[in-house]
Structures are given as structure tokens and as C-alpha cells.
Amino acid sequence: MAISKEQIFQVADELDAAGQNPTLAAVRKALDGGSYTTISEAMKEWRAAKAADATPIQEPPPPGVMDKLSEVGAEIWGVALELANGRLASEREGLEAARLEMEASRLEAVELADQLSADLDDSRNQVASLEGVAQELRAEVDDLKGRLTTATERATTAEARSGEMERRANDLRSELDRAHQEADKNRQALERVQEAAAKAADTHKAELAQAQADAKQAAKDHKTELAQSQADAKQAAKEYQEQVEALRAQHSQALESAQEAKAAAQAEAERLAAVNSSLESKQAQAEEKLAVLTGEVEKAGAERDSALASAATAREEAAVLRGRVEGLEIALSRGEKGDGSQK
């Protein structure tokens with residue numbers, strides 16, 4: 001919140017009433033902050049108003065004195081010299097007070113400049129510290145990006161292994177299908193043998209007994225072979241099925257591992273993204289604070305320059321007052337010499 005002149009005047013009056021010197025630093029401390037430029041301009045007005053209130057009232061000589069002067073020139077000249085001397089003494093006192101006030105203002109400006117220089121050094125130190133923090137945050141962001149890349153590569157590798165297991169399972173399924181096809185062919189061969197035996201029995205009734213015996217023997221042999229083939233096929237199918245089930249279990253486990261790795265990688269990626277976002281937010285805040293401190297440093301430098309300019313102006317005004325004092329002393333000296341020559 002901006003500080004008004006009335007607040008500055010009130011604080012200066014309170015410090016003056018308490019017997020304290022209302023310097024810029026004292027007024028700023030009592031106000032809990034504020035711009036030195038605003039306080040300096042307001043204090044100039046306050047000191048000018050106070051000096052105007054302290055100036056004694058001067059009235060022109062009454063008509064009786066003027067009549068007396070016209071009648072008695074020598075006495076009036078003496079009275080005029082006494083009045084001039086009194087006025088000169090008053091002027092000297094006022095000039096001395098003004099000189100002391102200018103000197104106090106100069107010392108106050110120098111003190112303010114020193115304080116602003118110290119504040120400027122503190123701000124620069126804070127800027128350097130924030131630059132170090134920003135550098136550390138950038139390094140941490142780079143490290144997290146590397147970890148995210150590694151996790152992504154691991155997830156890709158797991159997906160490739162899952163694809164390889166799926167291809168092996170497909171190959172075993174193909175082999176099992178071929179085993180079933182072989183069993184079907186053996187069944188078809190048995191059926192053809194049985195049909196041929198039936199036809200031979202119809203055609204050769206005379207040799208029925210022998211044919212039946214031969215057919216029975218052939219059927220028995222074929223049944224034995226068929227049973228063996230079926231047993232072999234069942235065993236092969238069982239072995240293939242066991243391999244397929246084992247591969248399916250491995251494939252399922254690999255899929256679960258891949259899904260878990262993928263989920264872990266996704267969670268790690270989200271966590272790293274959140275950390276990256278947080279770090280970017282912190283970096284933005286650090287850069288924003290750095291910009292604010294830089295602005296305050298520049299503002300402090302401007303206020304220091306303003307304080308130095310005020311000190312230079314005070315020295316110039318003091319020099320002008322010294323010149324006026326010297327001019328009045330010379331005029332008084334000339335007036336005293338003229339009075340002595342007339343006598």
C-alpha cells in the first residue's frame with residue numbers, strides 16, 4: 001500500500017515532539033517501510049513548513065518613526081544601523097540554522113546512500129543464491145529425464161519378450177494340429193480296411209471261413225496297429241498339450257510381468273512427469289523471484305542515485321547560503337565604514 005504525505009508528516013511530528021531527529025531512516029522505520037524518494041520529498045516539504053512557522057514576524061516602522069527620521073537624520077541613521085545589525089544577526093541565526101539543517105540533510109543523505117548500498121549488496125547475494133538453486137534444479141530435471149528414458153526402454157524390452165512368447169505358443173499350436181490330422185488319417189485307413197474285408201466276404205462266400213479268419217486276423221492286426229497309433233497320437237497330443245499349457249503359463253506369466261512392468265513404467269513416467277512439472281514450477285517461481293529481486297536492485301540503485309543527487313543539491317544550497325552570508329557581512333562592513341567617514 002502506498003504511503004501518503006499526511007502519514008509521513010504525522011510520523012515526523014511525532015518524532016520531533018518526542019525530541020528525536022526525524023531522519024529519513026527513522027521515518028521509514030516508523031512507517032514499516034516505504035520508498036525513500038517519496039519520504040525524502042515529503043520531508044523537504046515538512047522541513048520547509050516548519051522553517052516558515054519558526055520565522056519571526058517583521059513589521060514596517062510606524063509613522064511616528066518615519067516622521068522622526070525626516071527630522072533627525074543622524075539619529076535615524078543610527079537607529080537604522082541598529083535595526084540593520086539586529087536584522088543581520090537574525091539573518092545570521094537563520095542562515096546558521098539553515099546551514100546546520102543542510103548539513104544534517106547531507107549527512108542523512110550519505111547515511112541513506114550507505115544503507116541503500118548495503119541493501120543492494122544483500123539483493124545481489126540473494127540473486128546469486130537463487131541462480132545456484134536454479135542450476136541445481138536444472139541438473140535434477142536432467143537426471144529425472146534420464147531415468148524416465150531408462151524406464152521406457154525396459155518397458156519396450158518386456159513387450160518384445162511377450163511377443164516372442166506369443167509366437168512360440170502359436171508354433172506349438174500348429175504342431176498339435178498336425179498331430180490331430182495324423183490321427184484322422186489313421187482312422188480313415190482303418191475304415192478303408194474294414195470296407196475291403198466286407199467286400200471280400202460277399203464276393204468269396206466259399207472262402208468265408210478263411211476270409212473271416214484272415215479278416216479277423218487282419219482286423220486284429222490293424223486294430224493293434226491302430227491302438228498303437230492312437231496311443232502314440234494320444235501320447236504325442238498329450239505331450240504337445242502339456243508343452244502348450246506350459247508355454248501358455250509362461251506366456252501368461254510373461255504377459256503379467258510385461259503388464260506389471262508396463263504399469264510400473266507408466267506409474268514411474270507419471271511420477272517423473274509430476275516431479276518434472278513440480279521442478280519446472282519451482283524453477284519458474286525461482287526465476288520470477290529472481291526477476292523481482294533484480295527489479296528491487298535496480299530500484300534501490302535508482303533511489304541511491306536520487307539520494308546522492310539530493311546530497312549534491314544540499315551542498316549547493318549550503319554554498320549559496322554561505323555566499324549570501326558573506327555578501328551581508330560585506331554590506332555591513334561597508335555600512336560601518338560609511339558611518340565612520342561621516343562622523
Side-chain angles (χ1 to χ4, degrees), residues 1-3 25 28-29 31-39 111-172 246-308:
M1 182 178 68
I3 298 175
R28 187 172 184 269
K29 182 178 180 181
L31 291 171
D32 293 332
S35 172
Y36 280 107
T37 303
T38 303
I39 296 174
E111 180 183 357
L112 177 60
D114 293 338
Q115 185 174 357
L116 289 175
S117 298
D119 293 340
L120 182 61
D121 293 336
D122 292 340
S123 298
R124 286 174 178 171
N125 293 332
Q126 292 181 5
V127 168
S129 177
L130 287 175
E131 288 178 349
V133 172
Q135 186 66 28
E136 292 177 358
L137 290 176
R138 293 189 189 98
E140 188 173 354
V141 168
D142 294 336
D143 180 65
L144 289 175
K145 287 181 179 178
R147 292 173 61 185
L148 177 60
T149 302
T150 303
T152 303
E153 292 176 354
R154 291 178 60 187
T156 303
T157 303
E159 289 179 356
R161 291 182 61 187
S162 175
E164 181 64 24
M165 297 297 293
E166 181 67 23
R167 285 192 294 272
R168 290 183 61 187
N170 291 332
D171 293 339
L172 289 175
L247 288 174
R248 284 179 178 174
Q250 293 177 1
H251 175 64
S252 176
Q253 185 177 2
L255 284 178
E256 291 177 357
S257 299
Q259 290 176 355
E260 291 176 356
K262 187 174 181 180
Q266 183 67 25
E268 182 68 13
E270 292 176 355
R271 188 186 70 80
L272 292 175
V275 173
N276 187 24
S277 177
S278 177
L279 290 175
E280 289 177 352
S281 177
K282 290 181 180 179
Q283 182 178 359
Q285 291 177 359
E287 292 176 352
E288 182 179 358
K289 189 173 182 181
L290 178 61
V292 173
L293 288 175
T294 303
E296 292 179 356
V297 168
E298 293 175 355
K299 183 177 179 181
E303 292 179 351
R304 182 189 62 183
D305 294 338
S306 175
L308 292 175

E136 side, atom CD; E131 side, atom CD - distance, nearest 0.5 Å: 12.5 Å

Distance (rounded to the nearest 0.5 Å) between S277 OG and K282 NZ: 11.0 Å

Sidechain-backbone polar pair: R28 side chain, G34 backbone, donor-acceptor under 3.5 Å: yes

Considering all heavy atoms, the nearest T38-I3 contact: CG2-O, 4.1 Å

All side-chain contact (heavy atoms from CB on, under 4.5 Å) counterparts of Q126, not counting sequence neighbours: L293

Side-chain heavy-atom pair R271, R147 within 4.5 angstrom cut-off: yes

Interatomic distance, Q285 atom CD to L130 atom CG [nearest 0.5 angstrom]: 11.5 Å

Separation between CZ of R154 and OG1 of T149, rounded to the nearest 0.5 Å: 13.5 Å

